[in-house]
Amino acid sequence: MSRSILAAGEGREIRIRNGSVVFKTVGAETNGQVGIFEQTMQKGDPGPVPHFHKETTEMFFLLEGSLEFSLDGAPRTVEAGGFVRVPPGTVHHFSQRGESPARFLIMFSPGKVRERYFEGLAAIAAEDGPPDRPRLVALMHEYDQFLEDEDAYLDENY
């Protein structure tokens, strides 16, 4: 993507499980300063496991629907029009709990190459069988994402 103006629905889309992520602008287009993606989560999507970022501030702006956010263990429902800022070091996770899909902007600063995490996640999710947890953790670490409880995550089976 090299255009500075995108119409609704434009951008490179990837599928993750039953949702999607559309890259609106990536770090390569902003000298690594910001990445902005439009994400859609379907009803009941559990979202990511509790995690934090060491360097990245992550921000969410809800366009449609609602998400359940937990920041440092404090849950809160955020409806359309709501905004969430997650500073580095803050353990957080979010899930779709409403009756209709949630559509939101997710912004990363610095943006670096954060889209590569989502691309890797989509590739792993598309594989047959259960996810390769050590590979997922390695992907997370490569792109500034760290699990609240890595040992428990690696021990789980589902």
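Quick note: numbers below take in every heavy atom, side chains included, and nothing from hydrogens, waters or symmetry partners.
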Check your understanding: With a 4.5 Å limit on heavy-atom distance, are the side chains of Val137 and Leu147 in contact?
Key -> yes

Check your understanding: Is the backbone N or O of Gly44 less than 3.5 Å from a side-chain atom of Gln96, with the two atoms forming a donor-acceptor pair by type?
Key -> yes

Exercise for review: Establish, yes or no, whether a centroid distance under 6.0 Å links the rings of His141 and Phe146.
Suggested key: yes

Point to revise | Linked, directly or transitively: Phe69 and Val49 (ILVMFWY side chains, under 4.5 Å) | key: yes

Review point. Hey, does Lys43 have a side-chain heavy atom less than 4.5 Å from the side chain of Glu99?
Key: yes

**Study point:** Arg85, CZ: over 12 other non-hydrogen atoms inside 6.0 angstrom
**Key:** no

Check your understanding: Minimum heavy-atom separation for Ala102 to Ser66, with atom names?
Key -> CB-O, 3.6 Å

Review point. Which atom names give the shortest non-hydrogen contact between Glu79 and Leu62, and what distance separates them?
Key: O-CB, 3.5 Å

Check your understanding: How about Val84 and Met59: do any of their side-chain heavy atoms sit closer than 4.5 Å?
Key -> no

Practice item. Please check if Met107 and Val22 belong to a single hydrophobic cluster, counting links between Ile, Leu, Val, Met, Phe, Trp and Tyr side chain heavy atoms closer than 4.5 Å. Key: no

Point to revise | Worked verdict on Val91 versus Leu71 for side chain to side chain contact (heavy atoms under 4.5 Å, CB included) | key: CA-CA 6 Å; Val91 175; Leu71 276 61; over 6 Å; no

Check your understanding: Does some side-chain heavy atom of Gln33 sit less than 4.5 Å from a side-chain heavy atom of Lys112?
Key -> no

Exercise for review: Determine yes or no for a side-chain-to-main-chain donor-acceptor pair under 3.5 angstrom, with Asp144 supplying the side chain and Thr56 the backbone.
Suggested key: yes

Practice item. Kindly indicate, with the supporting measurements, whether the criterion side chain to side chain contact (heavy atoms under 4.5 Å, CB included) is fulfilled by Gln145 and Arg114. Key: CA-CA 10 Å; Gln145 187 157 317; Arg114 184 68 180 165; 2.4 Å; yes

Point to revise | Between CD1 on residue Ile16 and CG on residue Leu121, distance to nearest 0.5 Å | key: 4.5 Å

Point to revise | Salt bridge Glu115-Lys24, side-chain N to carboxylate O under 4.0 Å | key: no

Check your understanding: Would a line drawn from the ring center of Phe104 to the ring center of Phe61 be shorter than 6.0 Å?
Key -> no

Check your understanding: Between Val86 and Thr57, is any pair of side-chain heavy atoms under 4.5 Å apart?
Key -> no

Exercise for review: Looking only at non-hydrogen atoms, find the nearest pair between Val34 and Thr30 and report the distance.
Suggested key: O-OG1, 2.7 Å

Check your understanding: Which pair of heavy atoms, one from Pro110 and one from Gly32, lies closest together, and at what distance?
Key -> CB-O, 3.3 Å

Point to revise | Shared hydrophobic cluster, Met41 / Ile106 (ILVMFWY, side-chain heavy atoms < 4.5 Å) | key: yes

Study note, to complete from the structure: d(Glu38 CD, Leu6 CG) to nearest 0.5 Å is 10.0 Å

Review point. Between Gln42 and Pro101, is any pair of side-chain heavy atoms under 4.5 Å apart?
Key: yes

Review point. Same cluster or not: are Ile124 and Phe37 linked, directly or through other Ile, Leu, Val, Met, Phe, Trp or Tyr residues, by side-chain heavy atoms under 4.5 angstrom apart?
Key: yes

Exercise for review: Report yes if the distance between the aromatic ring centroids of His51 and His93 is under 6.0 Å, otherwise no.
Suggested key: no

Exercise for review: Indicate if Phe52 and Phe60 have the same hydrophobic cluster label, given that clusters are the connected sets of ILVMFWY residues with side-chain heavy-atom separations under 4.5 angstrom.
Suggested key: no

Point to revise | CZ-CG distance between Arg116 and Leu139, expressed to the nearest 0.5 angstrom | key: 11.5 Å

**Study point:** Reported CD1-to-CZ distance for the pair Ile36 and Phe23, which is rounded to 0.5 angstrom
**Key:** 13.0 Å

Review point. Rounded to the nearest 0.5 Å, how far apart are CD1 of Ile14 and OG of Ser20?
Key: 9.0 Å

**Study point:** Polar side-chain atom of Asp45 near backbone of Gly47 as donor-acceptor pair, under 3.5 Å
**Key:** yes

Check your understanding: How about Phe118 and Tyr143: are their ring centres within less than 6.0 Å of each other?
Key -> no

Review point. Is the shortest side-chain N to carboxylate O distance from Glu119 to Arg12 below 4.0 Å?
Key: yes

Review point. What orientation do His92 and His53 show, parallel under 30°, tilted 30 to 60°, or perpendicular over 60°?
Key: tilted

Practice item. Could you tell me whether the side chain of Glu68 reaches within less than 4.5 Å of the side chain of Phe94, counting heavy atoms only? Key: no

Point to revise | Value rounded to 0.5 Å, distance of CZ in Arg103 from CG in Leu63 | key: 4.5 Å

